[in-house]
Amino acid sequence: STKAASSIAVVTFVTSADYLFENWRSFLNKVSYCERTGRACYLLLGKPTSRTVLNDRPQLVRDNPASPHCEVAELSNTINIYKTLALLALFRASPNLPGAMYMDADTWFADGSDGANNAAIGTPEAYFALEPNAHLLGNQDCYNQKQRGTADLVAMNGGLLFLRSSAW
């Protein structure tokens, strides 16, 4: 992206071109938002070629044994782990980028979220301002409990995340 590195970037991820085209209007919504607000928009495209690669459980930081990874044989990683790796790569490639707003491919920016009427409402910067010391902000997903078939709440929905670029 050629946008200023001083703004929070918007990042989305799709596993295939077909999935991108299924969510084309959502993607164009993100691109339009980024154009209107002068921020970078990144699209991560692709997935591992086999379950073996996926279950290798790559560590986020190669030389750090404390880095998060799945050690339980009964649990397999999902493709969501590659969102994290891609965001880490983005932050390393763009050291001046202050942070990123990750959005699933099927999510949209609502009308008015570009701060046109009030710069303090709806922008990624406004969310980061809620807690200046936070490195990760997210939302809880209690809306789709019936679809998931459980009463358990999801502590943090990975479909919408705000990540501050930091050593943490």
Side-chain angles (χ1 to χ4, degrees), residues 1-48 54 58 60 68 77-148 153-168:
S1 178
T2 60
K3 296 295 178 181
S6 60
S7 297
I8 305 296
V10 172
V11 180
T12 192
F13 172 60
V14 295
T15 54
S16 67
D18 287 342
Y19 191 66
L20 174 62
F21 291 124
E22 288 173 29
N23 292 284
W24 188 246
R25 292 181 65 188
S26 296
F27 178 68
L28 292 180
N29 170 268
K30 291 171 187 68
V31 171
S32 174
Y33 174 85
C34 290
E35 281 295 315
R36 291 191 318 273
T37 60
R39 68 184 72 245
C41 184
Y42 293 93
L43 170 66
L44 313 172
L45 174 63
K47 66 179 180 178
L54 187 61
L60 301 181
N77 287 313
T78 66
I79 59 171
N80 290 323
I81 194 170
Y82 292 97
K83 288 189 241 185
T84 309
L85 295 172
L87 286 162
L88 180 62
L90 173 62
F91 288 150
R92 286 188 174 176
S94 307
N96 295 326
L97 187 67
M101 177 182 181
Y102 173 81
M103 300 175 70
D104 273 353
D106 59 352
T107 59
W108 291 72
F109 281 99
D111 291 344
S113 61
D114 58 7
N117 296 325
N118 184 342
I121 296 176
T123 64
E125 290 78 10
Y127 284 98
F128 276 114
L130 292 172
E131 179 47 65
N133 295 314
H135 297 276
L136 173 65
L137 299 168
N139 67 322
Q140 187 178 53
D141 184 7
C142 59
Y143 180 73
N144 290 322
Q145 287 176 296
K146 287 184 181 179
Q147 288 179 332
R148 286 194 315 269
L153 293 175
V154 173
M156 188 178 289
N157 180 348
L160 177 63
L161 299 171
F162 298 86
L163 296 101
R164 197 177 309 272
S165 181
S166 68
W168 178 84

pair Arg164-Ile8: side-chain heavy atoms closer than 4.5 Å: no
Cys34 to Ala40 - nearest heavy-atom pair and separation: SG-O, 3.7 Å
Tyr33 vs Lys30 side-chain heavy atoms within contact, under 4.5 Å: no
Glu125 (side chain) donor-acceptor with Ser7 (main chain) under 3.5 angstrom: no
Residue pairs passing the side chain to side chain donor-acceptor pair (under 3.5 Å) test where at least one lies in residues 9-24, sequence neighbours excluded: none
All side-chain hydrogen bond (donor to acceptor under 3.5 Å, both in side chains) counterparts of Ser26, not counting sequence neighbours: Trp108
Ala100 versus Phe128, closest heavy-atom pair with distance: O-CZ, 4.2 Å
Salt bridge (Lys or Arg N to Asp or Glu O under 4.0 Å) partners for Lys83, two or more places apart: Asp104
Sequence-distant partners of Tyr127, ring pair (Phe, Tyr, Trp, His ring centres under 6.0 Å), two or more places apart: Phe162
Residue pair Thr107, Leu160: steps toward the side chain to side chain contact (heavy atoms under 4.5 Å, CB included) verdict: CA-CA 8 Å; Thr107 59; Leu160 177 63; 5.8 Å; no
Closest non-hydrogen atom pair between Ala129 and Pro132, with its separation: O-CD, 3.7 Å
Point-to-point distance, once rounded to the nearest 0.5 Å, from OG of Ser166 to CZ of Phe91: 8.0 Å
Spacing of CE belonging to Met101 relative to CZ belonging to Phe109, to within rounding of 0.5 Å: 4.0 Å
Counterpart residues, side chain to side chain contact (heavy atoms under 4.5 Å, CB included), relative to Ala89 (two or more places apart): none
Worked verdict on Leu90 versus Leu97 for side chain to side chain contact (heavy atoms under 4.5 Å, CB included): CA-CA 9 Å; Leu90 173 62; Leu97 187 67; 3.9 Å; yes
Contacts of Leu161 that satisfy side chain to side chain contact (heavy atoms under 4.5 Å, CB included) - sequence neighbours left out: Tyr102, Leu136, Met156, Leu163
Phe13 versus Gly46, closest heavy-atom pair with distance: CE1-O, 3.3 Å
Any residue meeting side chain to side chain contact (heavy atoms under 4.5 Å, CB included) with Leu45, in chain and number order, not counting sequence neighbours: Val14
